[in-house]
*Asks:* 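Please see the structure below; I have some questions.
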Amino acid sequence: MGKQTSRMDKIVALCKRRGFIFQSSEIYGGIGGFWDYGPLGVELKRNLKEAWWRDMVTGHDDTSVPDGAPVPYAMVGLDTSIVMHPQVWKVSGHYDMFSDLLVDCRAEGCKARFRADHISNARCPLKPSKRPGEHEACDLTEPREFNLMFKTYVGALVDPVSEAYLRPETAQGIFTNFKNVLSTARVKLPFGIAQIGKSFRNEITPRHFTFRSREFEQMEIEFFCRSAESPAWYAYWRDRRHAWYTALGLGSERLRLRDHGAEELSHYSCGTADIEYAFPFLEAGEFGELEGIAHRGDFDLRSHMEGKLVRAGDGFEVERDGEGRPRHAGSGKDLSYFDEETGERLTPHVIEPSAGADRAALAFLCEAYCEDEIPDEKGSPQPRVVLKLHPRLAPVKAAVFPLVRKDGMPQRAVDIYRELKRWWNVYYDEKGSIGRRYRRQDESGTPFCITVDQQTLNDGSVTVRERDSTEQTRVAGREITAFLRERLGYV
RNA sequence: GCGGGUAUAGCUCAAUGGUAGAGCACCGGCCUUCCAAGCCGGUAACGCGGGUUCGAUUCCCGCUACCCGCUCCA
């Protein structure tokens with residue numbers, strides 16, 4: 001990278017300088033893969049999550065057909081616990097996939113990694129090919145547990161029977177509550193259940209700022225529908241979710257929608273698309289995942305009924321042990337749905353738009369970061385750093401300044417500040433030159449600055465300075481709230 | 001997990017085997033009538049732990065974090 005400060009380095013520096021994102025436990029030297037949101041960052045992330053919740057759940061109209069949707073549908077929300085019954089993760093497949101015993105070879109030129117239970121069948125990459133450990137050069141570690149799920153203990157006693165896990169995804173909380181929602185929320189197919197919450201994955205290599213964190217927040221929808229209609233709903237959610245990012249400002253060529261190839265599909269999926277963003281820390285032409293829209297079929301509900309499933313030809317069947325019993329038993333509860341239209345019982349199929357809130361926040365920050373030039377008092381261009389965040393996402397919606405700290409301007413400005421504070425997160429500042437105050441708000445992404453000047457004292461009007469253009473508009477005092485409400489939109 | 005690099009104030013840098021200076025930022029004051037002005041004053045740092053040494057921010061070792069490349073990415 002050399003001496004030159006990269007765009008990403010500047011964004012990371014801004015995040016720290018202005019209080020968006022800090023390293024977790026920084027005063028103790030930090031802890032890899034964990035990050036904290038500062039005073040501005042928490043507002044940005046809350047705005048992002050609230051925009052999602054509003055647009056997907058509370059703002060959803062279930063009485064009409066949304067653009068692109070096959071039929072009207074209902075949306076409800078859920079907030080489930082982070083620690084769940086351990087059997088959930090055995091049945092979901094996470095346990096088997098996440099907690100292998102692995103053996104590494106430390107030998108020069110080898111560095112291979114083997115599953116401990118497969119080592120007798122494995123082949124050492126060194127020639128001539130033998131089993132791992134049989135070469136002179138082999139230097140195997142003891143079998144080590146690679147737990148990609150965080151383990152914890154329920155109850156004060158540290159005992160294997162009390163082992164539990166921090167959830168690696170929020171989805172299972174939705175599936176396990178499917179029956180509860182059906183019986184309480186008066187929903188009929190098709191409908192969606194949404195949830196926002198923390199998940200935890202013990203990433204081997206946390207990297208790229210907050211992009212691959214070990215603790216992160218997901219925004220997930222499990223959309224339940226009839227099998228035959230699932231392809232149409234899959235297409236709907238793909239396009240809908242892509243449009244959501246676009247509408248909030250990720251409209252550039254750095255955003256893309258990409259269908260997975262068959263070889264990329266997860267163990268449960270029969271179709272997946274990613275919404276991806278070309279983060280500045282990636283090589284040119286590379287993209288990082290913001291959200292996956294997966295067609296999960298009936299895998300999850302069936303698993304929680306019958307037991308952990310494995311692929312069998314075109315479909316799935318319960319994985320069995322030597323005695324023919326399920327390897328991981330399901331709940332045995334009936335999670336099917338009685339279809340009143342056809343009089344049949346069916347297991348709904350699921351479309352899952354699963355978004356990373358932290359990744360989205362990072363993408364919006366990267367997209368918004370902008371260096372431009374604006375002329376100073378003498379007309380010569382001066383560099384400026386500005387976050388061109390969508391007003392819905394901006395941590396502070398407006399700042400209120402007295403032009404100078406005299407002639408009663410501060411008092412007038414404070415009055416306006418208090419009025420606006422009833423509706424929005426606004427900021428008051430009377431310190432330093434007006435230009436410095438504008439610049440500071442530019443770095444925070446504040447879309448509007450309202451300035452009380454001499455004319456305000458005469459007729460009550462103020463100037464409203466727009467962040468991106470730096471243009472100023474004169475607005476009558478009693479119209480400020482309405483003016484902002486119109487410009488800020490749906491916040 | 002492997003290999004390479006980095007670590008001094010919020011940021012960017014400097015100096016030094018005898019416990020560190022600056023610019024910007026930040027805070028206070030004066031001044032300032034629209035885009036980082038000026039003046040005065042102030043807060044603020046050697047990532048952590050060992051070792052060598054009379055003495056370590058400096059030399060050595062370990063750890064941690066971050067960056068780059070592999071590996072991994074359900």
Side-chain angles (χ1 to χ4, degrees), chain A residues 1-3 5-6 8-10 12-19 22-35 38 89 92-100 102-113 141 144 146 148-149 168-169 171 199 201-209 211-212 214 264-269 272 281 283 288-289 292 294 354 373-386 401-407 409 430-443 449 451-457 462-465 467 470-472:
Chain A
M1 191 190 301
K3 207 73 174 137
T5 306
S6 73
M8 194 60 211
D9 289 339
K10 291 184 197 170
V12 172
L14 172 68
C15 282
K16 175 156 195 194
R17 182 168 74 246
R18 289 299 174 194
F22 307 123
Q23 195 177 9
S24 170
S25 313
E26 192 183 10
I27 61 171
Y28 287 103
I31 177 167
F34 298 92
W35 300 90
W89 308 112
S92 72
H94 292 86
Y95 177 86
D96 287 342
M97 203 162 318
F98 282 17
S99 52
D100 292 329
L102 297 179
V103 171
D104 285 310
C105 182
R106 287 177 291 230
E108 271 313 308
C110 182
K111 306 295 186 193
R113 174 173 287 172
T141 62
R144 292 179 293 186
F146 273 67
L148 269 44
M149 282 194 292
E169 63 172 26
S199 291
R201 298 179 189 181
N202 228 336
E203 298 288 352
I204 292 172
T205 316
R207 244 341 134 79
H208 298 319
F209 201 31
F211 182 78
R212 186 174 296 166
R214 291 184 163 127
E264 277 184 277
L265 295 180
S266 311
H267 58 288
Y268 48 73
S269 184
T272 298
F281 51 74
E283 296 288 322
E289 181 184 349
S354 172
E373 291 183 332
I374 55 177
D376 63 12
E377 62 216 331
K378 300 188 191 77
S380 63
Q382 299 294 327
R384 170 178 81 141
V385 171
V386 54
F401 307 143
L403 184 58
V404 291
R405 222 172 359 153
K406 60 184 188 186
D407 299 340
M409 288 184 204
E430 58 179 34
K431 304 288 174 56
S433 74
I434 191 71
R436 177 175 299 275
R437 284 176 270 162
Y438 286 148
R439 295 298 186 86
R440 209 182 270 128
Q441 294 306 314
D442 289 339
E443 282 204 345
C449 290
T451 303
V452 167
D453 59 12
Q454 197 66 47
Q455 191 177 330
T456 312
L457 306 178
V462 296
T463 64
V464 180
R465 179 242 195 208
R467 176 193 65 202
T470 77
E471 280 169 11
Q472 287 176 278

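Per chain, numbering begins at 1; letters A, B, ... match sequence-line order. Everything numeric in this text was worked out from a predicted model, so none of it was measured.
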*Asks:* Of the nucleotides C35(B), A65(B), G10(B), which one has an atom closest to the side chain of K16(A)?
*Replies:* G10(B)
*Asks:* Please find the pair of heavy atoms, one from S25(A) and one from I31(A), that lie closest to each other, and give the distance.
*Replies:* OG-CG2, 3.7 Å
*Asks:* When the distance from CG of L403(A) to P of U32(B) is rounded to whole Å, what number comes out?
*Replies:* 12 Å
*Asks:* Taking the P atom of each, how far is U57(B) from C46(B), in whole Å?
*Replies:* 10 Å
*Asks:* Considering only heavy atoms and no angle criterion, is a donor-acceptor pair shorter than 3.5 Å present between the side chain of Q472(A) and the base of C34(B)?
*Replies:* yes
*Asks:* Phosphate oxygens OP1/OP2 of A37(B): is one of them under 4.0 Å from a side-chain N or O of R436(A)?
*Replies:* yes
*Asks:* Where the side chain of M409(A) is concerned, which of U33(B), A36(B), C68(B) is the nearest nucleotide?
*Replies:* U33(B)
*Asks:* Side chain of T463(A) only, heavy atoms from C-beta on: which candidate in C27(B), C34(B), C66(B) is closest?
*Replies:* C34(B)
*Asks:* With rounding to the closest Å, how many angstrom separate the C1' atoms on G18(B) and A22(B)?
*Replies:* 22 Å
*Asks:* Which nucleotide wins on minimum distance to the side chain of I204(A), given the candidates C66(B), G1(B), C34(B)?
*Replies:* G1(B)
*Asks:* Within the pair R439(A) and A25(B), is there a side-chain N or O less than 4.0 Å away from OP1 or OP2?
*Replies:* no
*Asks:* Just compare C34(B), U33(B), A25(B) and give me whichever is closest to any side-chain atom of Q454(A).
*Replies:* U33(B)
*Asks:* Using the C1' atom as the point on both nucleotides, what is the distance between C30(B) and C68(B), in whole Å?
*Replies:* 50 Å
*Asks:* Any base atoms under 4.0 Å from R437(A), or only sugar-phosphate, or nothing? Heavy atoms, all strands.
*Replies:* nothing
*Asks:* Is it the case that C26(B) (base atoms only) and R17(A) (side chain only) share a donor and an acceptor within less than 3.5 Å, ignoring hydrogens and angles?
*Replies:* no
*Asks:* Could you give the CD-to-P distance, from E26(A) to A7(B), as a whole number of Å?
*Replies:* 17 Å
*Asks:* Parallel, tilted or perpendicular, judged at 30° and 60°: which one describes the rings of H94(A) and W89(A)?
*Replies:* perpendicular
*Asks:* Separation of D9(A) atom CG from G5(B) atom P, in whole Å?
*Replies:* 19 Å
*Asks:* Are the aromatic rings of F281(A) and F209(A) close, with centres under 6.0 Å apart?
*Replies:* no
*Asks:* Give me the atom names and distance for the closest heavy-atom approach of P206(A) to G33(A).
*Replies:* CB-CA, 3.6 Å
*Asks:* Is there a side-chain contact between R207(A) and the phosphate of C73(B), meaning an N or O under 4.0 Å from OP1 or OP2?
*Replies:* no
*Asks:* Could you state the CG-P distance from D407(A) to C34(B), rounded to the nearest angstrom?
*Replies:* 13 Å
*Asks:* Is the phosphate of C31(B) approached by K406(A) (side-chain N or O, under 4.0 Å from OP1 or OP2)?
*Replies:* no
*Asks:* Is any side-chain heavy atom of T470(A) closer than 4.5 Å to a side-chain heavy atom of Y438(A)?
*Replies:* no
*Asks:* Between A15(B) and G29(B), how far is it from one P atom to the other, in whole Å?
*Replies:* 37 Å
*Asks:* Report which part of the nucleic acid Y28(A) touches: base, sugar-phosphate, or nothing (heavy-atom distance under 4.0 Å, all strands).
*Replies:* nothing
*Asks:* Of R18(A) and G32(A), whose closest RNA chain B nucleotide lies nearer the 5' terminus?
*Replies:* R18(A)
*Asks:* Sub-3.5 Å donor-acceptor pair from the side chain of D407(A) to the main-chain atoms of M409(A), do we have one?
*Replies:* no
*Asks:* Verify side chain to side chain contact (heavy atoms under 4.5 Å, CB included) between E430(A) and F401(A), making sure each step is shown before the conclusion.
*Replies:* CA-CA 6 Å; E430(A) 58 179 34; F401(A) 307 143; over 6 Å; no
*Asks:* Check the pair Q454(A) / L403(A) against side chain to side chain contact (heavy atoms under 4.5 Å, CB included), numbers first and verdict last.
*Replies:* CA-CA 8 Å; Q454(A) 197 66 47; L403(A) 184 58; over 6 Å; no
*Asks:* Apply the test side chain to side chain contact (heavy atoms under 4.5 Å, CB included) to residues R436(A) and K431(A): give CA-CA distance (whole Å), side-chain angles for both, the deciding distance (0.1 Å), then the verdict.
*Replies:* CA-CA 9 Å; R436(A) 177 175 299 275; K431(A) 304 288 174 56; over 6 Å; no
*Asks:* Taking only the P atom of each, what is the distance from A45(B) to C63(B) in whole angstrom?
*Replies:* 28 Å
*Asks:* Let's test your reading of the pairing rules: Watson-Crick or G-U wobble, both distances under 3.5 Å, then write RNA chain B as a dot-bracket string with ( ), [ ], | and dots.
*Replies:* (((((((..((((....[..)))).(((((.......)))))....(((((..]....))))))))))))....
*Asks:* Between the base of C34(B) and the side chain of Y438(A), is there a donor and acceptor pair under 3.5 angstrom?
*Replies:* yes
*Asks:* Hey, which of these two, V462(A) or F209(A), hits RNA chain B nearer its 5' end, going by closest nucleotide?
*Replies:* V462(A)
*Asks:* Tell me whether E471(A) at atom CD has more than 12 heavy atoms from other residues, nucleotides or ligands lying less than 6.0 Å away.
*Replies:* no
*Asks:* Can you check the I27(A) CD1 to A65(B) P distance for me, whole Å?
*Replies:* 16 Å
*Asks:* For A56(B) versus G17(B), give the span between their C1' atoms, rounded off to a whole number of Å.
*Replies:* 7 Å
*Asks:* Which of these nucleotides, G29(B), A36(B), C27(B), is closest to any side-chain atom of R405(A)?
*Replies:* G29(B)
*Asks:* Which nucleotide, A36(B), C72(B), A65(B), lies nearest any side-chain atom of Q23(A)?
*Replies:* A65(B)
*Asks:* Quote, to the nearest angstrom, the C1' distance that separates C24(B) from U43(B).
*Replies:* 15 Å
*Asks:* Would you mind reading off the distance between F211(A) atom CZ and C72(B) atom P, rounded to a whole angstrom?
*Replies:* 17 Å
*Asks:* Give one of base, sugar-phosphate or nothing for Q441(A), where a contact means two heavy atoms less than 4.0 Å apart.
*Replies:* nothing
*Asks:* Return the value, rounded to whole Å, for the distance between atom CG of L14(A) and atom P of C11(B).
*Replies:* 13 Å
*Asks:* Taking any heavy-atom pair under 4.0 Å as a contact, classify G288(A): base, sugar-phosphate, or nothing.
*Replies:* nothing
*Asks:* What's the gap between C60(B) and G1(B) when it is taken at their C1' atoms, as a whole Å value?
*Replies:* 26 Å
*Asks:* Of the nucleotides C35(B), C34(B), C27(B), which has the atom closest to the R465(A) side chain?
*Replies:* C35(B)
*Asks:* How long is the line joining NE2 of H208(A) and C1' of C66(B), in whole Å?
*Replies:* 13 Å
*Asks:* How far apart are the closest heavy atoms of I204(A) and R214(A), and which atoms are they?
*Replies:* O-NH2, 3.8 Å
*Asks:* Which nucleotide, A36(B), C27(B), C67(B), lies nearest any side-chain atom of S433(A)?
*Replies:* A36(B)
